[in-house]
Student: 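Can you read through this structure? Questions will come right after.
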Amino acid sequence: MTGGLSGKKVVVIGTGIGGSGVSALLAREGAQVLVLEKNSFPGGKAASFERQGFVYDTGVHWLSRGDKGPLGEIATLVGAEISYRSLEPGMQLTTGGRTAVLYQNMEDDDVLERLFEEIGVLPENREGARALFKDLARERSPRELEELDEMSFAEYCERFVNDEQLNRLLDAFTGMYMCISRRAASAGEFILCFSRQAREKNLCYPIGGMRAVPCGYLKALEEMGGEVRYSTPVERIVVEGGKVRGVEAGGFIPADIVISNTGIKETVALAGRHNFPDDYLGWVDNLRLSFGAVSVKYALDAEVVKPHLFCYFPDFHRPELVERQAAIFVPVPTAADPSLAPPGCQLVLAGSLAPQGLEDREQAAALCEEILDRIENTMRDLFPDIEKHIVWKIRTDTRYIAEISGRSTGEVIGLAQNRHQVGKNRPSHTTPVEGLYLVGADAGGRGVGTEMAADSALNLWRLLLHG
Ligand SMILES: Cc1cc2nc3c(=O)[nH]c(=O)nc-3n(C[C@H](O)[C@H](O)[C@H](O)COP(=O)(O)OP(=O)(O)OC[C@H]3O[C@@H](n4cnc5c(N)ncnc54)[C@H](O)[C@@H]3O)c2cc1C
């Protein structure tokens, strides 16, 4: 037990990866941790649900490093048993009418040559493409990374090569990692995500569904004496004289430390804007979010979809396809864990990016419906048999993501990892309110989606432990 945190009353708002991770880490240090979750289930965007023998996720998840990254580091520290399965080849990508198989060993020259051939990188651009991938994968000092943080990823790539097909491949990677465009994405953040994944070669899925991760952390928390209350929305973070006093959640709950996993904008609203200086408010209001997503979740009575993970862009040479299809990211969780469906059945999640904003709700809903129709068209075009095998299917839009994560917007990741919002420019864990901290995808972490939220939990734990 650590003196500084031992016996401290900590309230954590939310059981996303960030909230569940940090709550278990602090319980490990002897803090009295109470986690309040507005939903009746754990996990936020990393939740999973059961329906007719199928276990499906809120999101459309596949993980960049699994047990070899921050998700695994938390599990080891708190004694949570979570296992992952990594499959080879990593994934398949179709773009510009060409299909490439992506192996996990992206550092191997032969693998790269085959990839460039398959995807159709022009021969005169191969040398530049090779140099780009070598530079992406190499280890960098924090200082080198910091210099690249404020550069756009598109600008960085153009230093090496400008090839139409290669750009489409890089667009697919930026979309998968950060859910923003290559022009908006930070070069430093992309390089960090790519190089770590290339080194670990552990693209994977958690056994038991995505919920296995937050549930594993929360189980460890409870074993160490912490408590989780579900269906308990925090209505207000109570601040007096610039210090946090506790929260209102159907009654006042006092706390020495309040950690919010609800997102930076929502945290400010919960604590009351009058408790923050104007310059902080102005900065928070202007922070940008990643894209949102819509998805079709298919429960199938046969194994219809191959491969286990693919990314597909409609062939831009064929206008009739561009008009009816969508760019889709498709994990098949049952390929990693067959127990997520009845024997012989298959669970398939097909997602596509969508605007996250919900200012004009009717317009946003109509747009989401259109993208969802396009996802279904694409899946029918690629797998003509799919309709015959549907046990059930669920269409989810950005309102669903907003509802499940307790935000007013339906973004995939959280704050966008653009060149103004990563590294030293990412919101820190601390806030102008003493004792009020932020955790999750919005604050103090780096990496891909869930792993950035886990990195945030580890960094906040270190901060509270060592100051
Ligand atoms: C469709 C989709 C696909 C994705 N694909 C991937 C992927 O393939 N790989 C990957 O790594 N990541 C992926 N992500 C991103 C990843 O899931 C998120 O970035 C990450 O899970 C966010 O975690 P978080 O800790 O920030 O909290 P969140 O998941 O946002 O959780 C916040 C929690 O706080 C709770 N809460 C909010 N307000 C209150 C309140 N007032 N009182 C009490 N509780 C409250 C919410 O109910 C929720 O449980 C995807 C996300 C989506 C939506």
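If you read the sequence from its start, that first residue is 1, and numbering goes on from there. Just so you know, ligand 1 is whichever comes first in the structure, and atom 1 is the first atom listed for that ligand.
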Student: Given salt bridge (charged side-chain N to carboxylate O under 4.0 Å, His left out), test Lys219 with Glu223 step by step and report yes or no.
Tutor: CA-CA 6 Å; Lys219 182 165 175 268; Glu223 282 166 5; 3.4 Å; yes
Student: Which protein heavy atom lies closest to atom 14 (N) of ligand 1, and at what distance to 0.1 Å?
Tutor: His61 NE2, 3.4 Å
Student: Between the side chains of Arg65 and Glu73, is the shortest nitrogen-to-carboxylate-oxygen separation below 4.0 Å, so that they form an ion pair?
Tutor: no
Student: Using distance alone, determine whether Leu270 and ligand 1 share an N or O pair under 3.5 Å.
Tutor: no
Student: Would you mind finding which of Gly16, Gly21, Pro233 brings a heavy atom closest to atom 31 (O) of ligand 1?
Tutor: Gly16
Student: Counting each atom of ligand 1 from 1 as listed, which ones have a heavy atom of Thr450 under 4.0 Å away?
Tutor: 10 (C), 11 (O), 12 (N), 16 (C), 17 (O), 21 (O)
Student: Do the side chains of Arg182 and Asp171 get close enough for a salt bridge, i.e. N-O under 4.0 angstrom?
Tutor: yes
Student: Could you say whether the N/O atoms of Ala453 and ligand 1 ever approach to under 3.5 Å?
Tutor: no
Student: Short N/O distance, under 3.5 Å, between Val234 and ligand 1?
Tutor: yes
Student: Are Trp283 and Phe276 an aromatic pair, judged by ring center distance below 6.0 Å?
Tutor: no
Student: Between Ser20 and Thr15, is there a side-chain donor-acceptor contact under 3.5 Å, judged purely by atom types and distance?
Tutor: no
Student: As an exercise, identify every atom of ligand 1 less than 4.0 angstrom from a heavy atom of Ile413.
Tutor: 18 (C), 19 (O)
Student: Tyr177 and Gln197: side-chain donor and acceptor closer than 3.5 Å?
Tutor: yes
Student: Any salt bridge between Arg288 and Glu411, counting N to O under 4.0 Å?
Tutor: no
Student: Specify the protein heavy atom at minimum distance from atom 34 (O) of ligand 1: its residue, its atom name, and the distance to 0.1 Å.
Tutor: Gly14 CA, 3.3 Å
Student: Check ligand 1 against Leu36 and write out every atom of the ligand that is under 4.0 Å from a heavy-atom position of the residue.
Tutor: 43 (C), 44 (N)
Student: Could an N or O of ligand 1 be found under 3.5 Å from any N or O of Glu451, whether backbone or side chain?
Tutor: no
Student: Run the ring-centre check on Phe133 versus Phe194 and record whether the distance is less than 6.0 Å.
Tutor: yes
Student: Where is the nearest protein heavy atom to atom 39 (C) of ligand 1: which residue, which atom, and how far?
Tutor: Thr262 CG2, 3.5 Å
Student: Return the residue, atom name and 0.1 Å-rounded distance of the protein heavy atom closest to atom 9 (N) of ligand 1.
Tutor: Trp62 O, 2.9 Å
Student: Would you mind checking if Arg419 and Glu146 are paired as a salt bridge, meaning a charged N to carboxylate O distance below 4.0 Å?
Tutor: no
Student: Does ligand 1 have any atom that is closer than 4.0 Å to a heavy atom of Gly414?
Tutor: no
Student: Which ligand 1 atoms does Gly440 reach within 4.0 Å, using its non-hydrogen atoms?
Tutor: 25 (O), 26 (O)
Student: Are any of the side-chain nitrogens in Arg273 or Asp285 under 4.0 Å away from the carboxylate oxygens of its partner?
Tutor: yes
Student: Could you identify the single nearest non-hydrogen protein atom to atom 43 (C) of ligand 1 and state the distance to 0.1 Å?
Tutor: Lys38 N, 3.2 Å
Student: Can you pull out the closest protein heavy atom to atom 47 (O) of ligand 1? Residue, atom name and distance to 0.1 Å, please.
Tutor: Glu37 OE2, 2.6 Å
Student: Quick one: do Arg395 and Glu369 make a salt bridge, cutoff under 4.0 Å?
Tutor: yes
Student: Going by atom types only, do Thr99 and Glu118 share a side-chain donor-acceptor pair under 3.5 Å?
Tutor: no
Student: Any salt bridge linking Arg446 with Asp149? Criterion: basic side-chain nitrogen under 4.0 Å from a carboxylate oxygen.
Tutor: yes
Student: Can you sort out which atoms of ligand 1 are near Ile13, meaning under 4.0 Å from one of its heavy atoms?
Tutor: 40 (C), 42 (N), 43 (C), 44 (N)
Student: Quick one: nearest non-hydrogen protein atom to atom 52 (C) of ligand 1, plus distance?
Tutor: Val412 CG1, 3.6 Å
Student: Taking the ring centre of each residue, are Tyr56 and Phe49 less than 6.0 Å apart?
Tutor: yes
Student: Which ligand 1 atoms, with their elements, are less than 4.0 angstrom from a heavy-atom of Gly44?
Tutor: 29 (O), 31 (O), 48 (C), 49 (O)
Student: Arg407 versus ligand 1: do any nitrogen or oxygen atoms come within less than 3.5 Å of each other?
Tutor: no
Student: Could you see which bit of Ile401 sits under 4.0 Å from ligand 1, with heavy atoms only: side chain, backbone, both or neither?
Tutor: side chain
Student: Determine, for Glu227 against Arg229, whether the closest basic-nitrogen to carboxylate-oxygen distance falls under 4.0 angstrom.
Tutor: yes
Student: Does ligand 1 have any atom sitting under 4.0 Å from a heavy atom of Ile404?
Tutor: yes
Student: Is there at least one pair of N or O atoms, one from Lys45 and one from ligand 1, spaced under 3.5 Å apart?
Tutor: yes
Student: Check each of Ala249, Ser64, Ala441, Ala454 against atom 26 (O) of ligand 1 and report the one with the nearest heavy atom.
Tutor: Ala441
Student: Just which atoms of ligand 1 are under 4.0 Å from any heavy atom in Gly18?
Tutor: 25 (O)
Student: Short N/O distance, under 3.5 Å, between Asn39 and ligand 1?
Tutor: yes
Student: Going by the order shown, which atoms of ligand 1 are within less than 4.0 Å of some heavy atom of Leu63?
Tutor: 11 (O)
Student: Identify the protein heavy atom lying closest to atom 5 (N) of ligand 1, giving its residue, its atom name and the separation to 0.1 Å.
Tutor: Val60 O, 3.2 Å
Student: Check this for me, if you would: do Arg407 and Asp442 make a salt bridge, where the nitrogen-to-carboxylate-oxygen distance has to be below 4.0 angstrom?
Tutor: yes
